[in-house]
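Everything below concerns the one structure shown next.
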Amino acid sequence: MDYQKLADLLFPDVTLTPEEIEQRYPKRQLPEGAKVTRFAPSPTGFVHFGGLFPSTVGERLAHLSGGVFYLRIEDTDGKREVPGAAEGLIKTLERYGIKFDEGAVINEDGAIGSKGDYGPYKQSQRKEIYHVFAKELVKKGLAYPVFTSAEELEELEKTDKKTEIKNKEWTEEATAAQMAEMLKLREITIEEVESHLANGDQFVLRMLAKCDDPEKKIKITDLIKGTLELPVNDKDEVLLKSNGIPTYHFAHAVDDHLMGTTHVIRGEEWLPSLPRHIMLFEYLGFKLPKYMHIAQIMRLDEEGNKKKLSKRDMGANMDDYTRMGYSPKAVIEYIMTLLNSNYEEWHTQNPEKPYTEFPFNIKKMSTSGCLFDFNKLNDVSKNVICRMTAEEVYNEVVLWAKDFDPHFYEKLTADEDYAKAILSIGRGGKKPRKDFATWTDVKPYMSLFYDDYFSYIDEIPENFSKADVKSALEKFMTTYDPACDNNAWFENVKAISEQIGYAPDVKLYKSNPDAYRGHVGDVSMFLRVAVTGKLNSPDLYTIMQIIGQDKVNERIKNFICNL
Ligand code: GLU
């Protein structure tokens, strides 16, 4: 077979050589040990939690090593592409602070453009490049065309509209006879090719898997999974589909080589394809990158069984987190705890340090699948939010409320200082309050400060006499001095307690309960319920300072009226 002729027949428009393409992608000048990683999503929908996960790994590995992290849009499957998904992906990743040094970006006109010297970073814009390497493989006798006539194509389209037309399938289940027939396809002659082309028939390009022993295994070290033995590839995988667009496999090899990826980080669903990729890299004369196949994210179902976190599950779509009011900082922090088992310990020891300073270690990654759990996420989130400044909390809540609770947004922005004063309660110090896991928790917490949202939720337990309550509250109104500090305020509450026969000190009460009608804690509780509507609230003195004397009196008066 004259492979050069075959290559020229199949790719008459390709004039560039692989060397010429290689020159456009010079070796990156990076410090020793620097890693080049990428996130390579297909724009088929939203960013999945299971996508943010590996992209965080890629980002960390690249940036901790002084390397490069880039974004490549893998849009080779036109039929599954969702319009606007690529733009959505870029925006979502930005929201989570995943910073790309190069890759696909949204241009000012809204179209997808490229930033960096190793682009284009959108596979549909790289057809010409793939064809150069495809032609080279044909020239070397390592790939061959399989033609389909227009009628056959039409027939196939009818039966299976969803999947790309790949021609006759080279499947695991193929019988010996089918295999023999498929192997015959390798023997196409120049004359047959010429006649097909003259007919205008389309072809897919398959790699010719040279495998003399299908039982043979290859050893490969995955940086997460360890050393694996996988069956050598014996399938003539499709490299180019009939529309000339590459398959994932071919695009992966060409792009990751040219773009200088040192570590391919991807989901473990690609692990079975690895022997094919190894063969392809070898055929193309490319150095094999290092691989890290990340275990799938699991969740517990109602029966407590581990299940894969699927696209439809709550917690899969990153846009859900926005709607539910999770801070991106909390989500990333949670991802770090899932990624490295020692992250939490490090974080406890270094509470002020950002996660970017954590010495991320591949060896500490789970090989079997992390368990996604909202309770744990909420815990992590509370810890993250409690360390934010009131200003940070305010900004994030406002941003969230603007889209998801416009009325609350109005309230928050009408008096910024007031809102910030509320959010400052219990912040700073060694044991900050942990009231918020999501921004949806903020309104119920702040409701007591806004008449529009205020209501009496709790009641004073019935064992206290209404007369005592009334008397304590009335005494408080006449003695409350907002200029007093916290101590003086509490001294006053103690004095009121004594006046109505309640112990000014809980210990005192406990030592002789019969001598008192109650204690100072009970009187504080009367005040708390009257002013905040709840049995539990942040520091009452501070609440009164924020809402002011008039509001304190108004609430107490109302409460007494309804006693
Ligand atoms: N486009 C592939 C996917 O979304 C990327 C896999 C890879 O990172 O190589 O699954």
Side-chain angles (χ1 to χ4, degrees), residues 35-62 67-82 85-90 92-93 98 100 102-104 112 118-126 130 163-164 220 222-225 237-239 241 245-281 284 286-297 308-311 316-318 339 362 365 369:
K35 298 181 174 77
V36 179
T37 61
R38 84 294 192 275
F39 182 45
S42 304
T44 53
F46 53 79
V47 179
H48 189 278
F49 186 83
L52 189 60
F53 199 71
S55 61
T56 310
V57 179
E59 189 277 336
R60 287 294 70 219
L61 291 185
V68 174
F69 178 51
Y70 70 89
L71 174 67
R72 185 170 67 224
I73 302 292
E74 303 212 323
D75 57 344
T76 57
D77 191 348
K79 294 199 172 153
R80 286 179 56 229
E81 186 164 348
V82 174
E87 290 78 356
L89 285 166
I90 295 176
T92 305
L93 293 163
I98 302 289
F100 294 101
E102 37 180 89
I112 302 277
Y118 291 78
Y121 298 90
K122 193 170 186 258
Q123 289 182 329
S124 56
Q125 296 168 354
R126 301 173 61 77
Y130 302 123
T163 53
E164 295 282 345
I220 162 105
D222 179 278
L223 295 185
I224 297 177
K225 304 263 176 197
E237 183 59 69
V238 174
L239 302 180
K241 295 178 267 188
I245 300 285
T247 54
Y248 166 76
H249 313 286
F250 191 47
H252 154 52
V254 172
D255 290 349
D256 280 315
H257 166 70
L258 292 177
M259 297 179 185
T261 309
T262 60
H263 290 65
V264 170
I265 302 159
R266 61 186 182 189
E268 65 184 354
E269 67 275 16
W270 292 111
L271 200 54
S273 310
L274 189 53
R276 235 168 292 171
H277 300 160
I278 293 173
M279 185 176 267
L280 202 46
F281 271 79
L284 289 160
F286 298 161
K287 181 171 178 251
L288 196 67
K290 293 197 165 58
Y291 283 94
M292 293 174 62
H293 287 92
I294 300 206
Q296 280 170 342
I297 315 274
K308 182 187 158 207
L309 181 75
S310 88
K311 268 189 182 175
N317 184 346
M318 291 320 296
L339 281 177
I362 303 173
M365 288 179 70

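All heavy atoms count here, side chains included; hydrogens, waters and symmetry mates do not. Both ligands and their constituent atoms are indexed starting at 1 by order of listing.
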For ligand 1, which atoms have a heavy atom of Arg38 less than 4.0 angstrom away?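 What qualifies from ligand 1 is 7 (C), 8 (O), 9 (O).
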
Which pair of non-hydrogen atoms, one from Arg126 and one from Asp255, has the smallest distance, and what is that distance?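 In terms of heavy atoms, the two residues are closest at NE-OD1, 2.8 Å.
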
Flag Pro41 as yes when one of its N or O atoms lies below 3.5 Å from any N or O atom of ligand 1, and as no otherwise.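 Between Pro41 and ligand 1, no N or O pair is found under 3.5 Å apart.
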
Looking only at distances, please establish whether an N/O atom of ligand 1 is found under 3.5 Å from an N/O atom of Ser42.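 Yes, Ser42 has an N/O under 3.5 Å of an N/O on ligand 1.
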
Given 3.5 Å as the limit, does a donor-acceptor pair link the side chain of Glu74 with the main chain of Gln123, or not?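 No, because the side chain of Glu74 does not come within donor-acceptor range (under 3.5 Å) of the backbone of Gln123.
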
Does the Thr262 side chain pair with the main chain of Val36, one donor and one acceptor, at a distance under 3.5 Å?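 The answer is yes, because a donor-acceptor pair under 3.5 Å joins these two groups.
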
Is it the side chain, the backbone, both or neither of Trp270 that has a heavy atom closer than 4.0 Å to ligand 1?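 Answer for Trp270: side chain.
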
Looking only at heavy atoms, is any part of His252 under 4.0 Å from ligand 1, and if so is it the side chain, the backbone, or both, or is it neither?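 The answer is neither; His252 stays 4.0 Å or more away.
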
Centre-to-centre under 6.0 Å for Phe286 and His277, is that the case here?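 Not under 6.0 Å, so no.
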
Any non-hydrogen side-chain atom of Phe69 less than 4.5 Å from a side-chain atom of Ile98?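 The answer is yes; the side chains approach within 4.5 Å.
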
Is Asp222 salt-bridged to Lys225, going by a charged N under 4.0 Å from an acidic O?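 Salt bridge between Asp222 and Lys225, a charged N being under 4.0 Å from a carboxylate O: no.
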
Can you tell me the protein heavy atom closest to atom 5 (C) of ligand 1 and the distance?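 For atom 5 (C) of ligand 1, the nearest protein heavy atom comes out as Ala40 O, 3.0 Å.
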
Starting from atom 1 (N) of ligand 1, locate the nearest protein heavy atom and write down its residue, its atom name and how far away it is, to 0.1 Å.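 Going by distance alone, atom 1 (N) of ligand 1 is nearest to Glu74 OE1, 2.7 Å.
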
When you measure from the heavy atoms of Tyr248 to every atom of ligand 1, does any distance fall below 4.0 Å?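 Yes; Tyr248 lies near enough to ligand 1 that a heavy-atom distance drops under 4.0 Å.
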
